[in-house]
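Beneath this line is the structure, given in structure tokens, with notes to follow.
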Number of protein chains: 2
Amino acid sequence: MAPKRYEHPELADVPLAKALAALSDPCRVAIVRRLLDAERELACHEFELTQSKGTVSHHFRTLREGGFILTKVSGTECLNRLRLEEFNARFPGLLDLVIAEK
Amino acid sequence: MAPKRYEHPELADVPLAKALAALSDPCRVAIVRRLLDAERELACHEFELTQSKGTVSHHFRTLREGGFILTKVSGTECLNRLRLEEFNARFPGLLDLVIAEK
DNA sequence: GGTATAGTTTGATTAACATCAAACTAAGGA
DNA sequence: TCCTTAGTTTGATGTTAATCAAACTATACC
């Protein structure tokens with residue numbers, strides 16, 4: 001069967017409100033922070049989140065739709081990485097706020 | 001009777017997610033934008049919002065708790081102004097994103 | 001094929017939030 | 001004192017978002 005495809009919006013099409021809404025949940029801020037620290041791709045299960053699989057999947061989707069991350073399938077897992085340069089160009093300073101946070 | 005007192009959080013105590021959640025409503029973004037443009041104190045009723053008084057009061061409270069504004073009583077009205085320097089020091093670039101958007 | 005792992009999707013529940021109307025508080029002016 | 005203006009608070013309703021469990025998809029390995 002055809003492999004799963006993830007939709008990634010053009011950053012120009014992501015409204016500020018949508019990006020900010022994606023960061024309005026502390027859990028998602030933590031995910032972004034972790035990706036900033038790691039500086040490498042991370043699978044969803046590497047975040048050791050306390051919520052159920054379904055909820056975690058929802059948070060990653062929200063970050064994807066907010067333009068924060070790219071997700072690709074790799075074997076049985078899916079790897080996530082920040083759209084770092086692109087995102088900084090579209091929303092300058094926003095990721096820096098996440099870095100600065102605590 | 002004792003005059004109304006408004007609570008204003010220490011900006012250091014405002015989590016990023018809380019500030020961003022305050023910006024997740026278009027009405028509140030509009031209020032912040034208006035204050036940025038006005039560069040002076042504005043009473044709630046000067047915003048000519050379409051919602052009921054109660055709802056408007058709720059939005060201003062949310063912005064207060066998000067660290068965006070200071071409110072003080074003046075006669076029968078209450079005057080609002082941005083905590084501009086403070087806020088820029090706590091969340092550098094965030095207000096600039098609001099200015100830049102559209 | 002059978003089993004395990006990693007995520008997604010769906011359906012239902014719960015928690016937050018936006019909203020309004022109405023009652024209330026506080027100050028100003030007749 | 002009475003009336004008006006400006007805003008808050010409360011109680012109720014509708015909507016959106018977070019959450020979980022369970023069923024499902026896709027890959028890897030035996």
Side-chain angles (χ1 to χ4, degrees), chain A residues 1-8 15 17-32 34-35 38 40-66 68-81, chain B residues 1-9 14-32 34-35 40-66 68-81:
Chain A
M1 200 168 282
K4 169 75 184 171
R5 279 286 184 60
Y6 291 96
E7 299 288 331
H8 298 101
K18 185 146 194 168
L20 297 186
L23 281 188
S24 71
D25 186 293
C27 176
R28 291 192 291 263
V29 175
I31 291 172
V32 172
R34 181 75 187 288
L35 284 168
R40 66 170 178 96
E41 296 176 320
L42 290 173
C44 301
H45 64 100
E46 292 188 272
F47 290 81
E48 293 165 14
L49 300 171
T50 56
Q51 293 97 328
S52 71
K53 292 197 302 180
T55 300
V56 169
S57 180
H58 157 71
H59 285 315
F60 277 91
R61 175 212 282 257
T62 303
L63 288 173
R64 219 154 34 230
E65 294 176 348
F68 288 84
I69 61 174
L70 289 177
T71 308
K72 70 175 179 196
V73 173
S74 170
T76 64
E77 57 188 20
C78 63
L79 297 175
N80 302 279
R81 65 190 161 94
Chain B
M1 201 167 281
K4 170 73 184 172
R5 280 284 185 59
Y6 291 95
E7 300 288 331
H8 297 101
V14 177
L16 176 62
K18 183 149 194 168
L20 297 185
L23 283 187
S24 70
D25 186 293
C27 175
R28 291 192 293 264
V29 176
I31 292 172
V32 170
R34 180 75 188 285
L35 284 168
R40 65 169 179 97
E41 296 176 318
L42 290 174
C44 301
H45 64 99
E46 293 187 272
F47 289 81
E48 294 164 13
L49 300 171
T50 56
Q51 294 96 329
S52 71
K53 293 197 301 179
T55 300
V56 168
S57 181
H58 158 71
H59 286 314
F60 278 92
R61 177 213 280 257
T62 303
L63 288 173
R64 220 154 34 230
E65 294 176 349
F68 288 84
I69 61 174
L70 288 177
T71 308
K72 70 176 180 197
V73 173
S74 170
T76 65
E77 57 188 21
C78 63
L79 297 175
N80 302 280
R81 65 190 160 95

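All heavy atoms count here, side chains included; hydrogens, waters and symmetry mates do not. Below, chain A is the first sequence line, B the second, and so on; all start at residue 1. As the structure is a computational prediction, the values presented were derived from the model and not from experiment.
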Exercise for the section: Show your working on side chain to side chain contact (heavy atoms under 4.5 Å, CB included) between A:K72 and A:N80 and close with a plain yes or no. Expected result: CA-CA 7 Å; A:K72 70 175 179 196; A:N80 302 279; over 6 Å; no

Exercise for the section: Step through the shown structure and confirm whether more than 12 heavy atoms of other residues, nucleotides or ligands are within 6.0 Å of CZ on B:R34. Expected result: yes

Exercise for the section: Give a yes/no answer on whether the side chain of B:R64 brings an N or O atom under 4.0 Å of OP1 or OP2 in D:dG7. Expected result: no

Handout entry: Under-4.0 Å side-chain N/O to phosphate OP1/OP2 contact, A:Y6 with C:dT8
Key = yes

Practice task
Report the distance from atom NE2 of A:H58 to atom P of C:dA6, rounded to the nearest whole Å.
Solution key: 22 Å

Handout entry: First encountered from the 5' end of DNA chain D, between B:F60 and A:C27
Key = B:F60

Exercise for the section: Give one of base, sugar-phosphate or nothing for A:G54, where a contact means two heavy atoms less than 4.0 Å apart. Expected result: base

Practice task
Tell me, yes or no, whether the heavy-atom count around B:R81 atom CZ, taken from other residues, nucleotides or ligands under 6.0 Å, exceeds 12.
Solution key: no

Exercise for the section: Quickly work out the B:K72 NZ to D:dA6 C1' distance and round it to whole Å. Expected result: 16 Å

Handout entry: Between C:dT19 (C1') and B:Q51 (CD): distance, integer Å
Key = 8 Å

Problem - Check ion pair B:R40-B:E46 (N to O, under 4.0 angstrom) - result: yes

Completion exercise
When rounded to whole Å, the CD1 to P distance for the pair A:I69 and C:dG7 reads 12 Å

Exercise for the section: Choose from D:dC20, C:dA18, D:dG7 the nucleotide whose nearest atom is closest to any side-chain atom of B:C78. Expected result: D:dG7

Exercise for the section: Give a yes/no on whether any side-chain N or O of B:T76 is located under 4.0 angstrom from OP1 or OP2 of D:dA6. Expected result: no

Practice task
Examine C:dT9: is either OP1 or OP2 under 4.0 Å from a nitrogen or oxygen in the side chain of A:R61? Give yes or no.
Solution key: yes

Handout entry: Phosphate-side-chain proximity, A:H59 and D:dT19, N/O vs OP1/OP2 below 4.0 Å
Key = yes

Exercise for the section: Select one nucleotide: of D:dG7, C:dC20, C:dG7, the one nearest the side-chain heavy atoms of B:S52. Expected result: C:dC20

Exercise for the section: Please confirm whether A:R64 makes a cation-pi placement over A:Y6, using NZ or CZ under 6.0 Å from the six-membered ring centre and within 45° of the ring normal. Expected result: no

Practice task
Whole angstrom is fine here: how far is it from CD in A:E41 over to C1' in C:dA6?
Solution key: 16 Å

Fill in the blank from the handout: A:D25 CG to D:dA17 C1', in whole Å, measures 9 Å

Practice task
Tell me which nucleotide among C:dT9, D:dG7, D:dA18 gets nearest to the side chain of A:S57.
Solution key: C:dT9

Completion exercise
5'-most contact on DNA chain D (nearest-nucleotide basis), A:G75 vs A:S24, goes to A:S24

Problem - Among C:dG7, C:dT19, D:dT19, the nucleotide that comes nearest once only the side chain of A:K53 is considered - result: C:dG7

Exercise for the section: Just compare D:dT19, C:dG7, C:dA18 and give me whichever is closest to any side-chain atom of B:R28. Expected result: C:dA18

Practice task
Tell me whether the OP1 or OP2 atom of C:dC20 has a side-chain N or O from B:T55 closer than 4.0 Å.
Solution key: yes

Completion exercise
Atom NE2 of A:H45 and atom C1' of D:dT27 are separated, to the nearest Å, by 13 Å

Fill in the blank from the handout: A:L63 atom CG is separated from C:dT8 atom C1', nearest whole Å, by 16 Å

Exercise for the section: Answer yes if the ring centres of A:F68 and A:F60 are under 6.0 angstrom apart, and no otherwise. Expected result: no

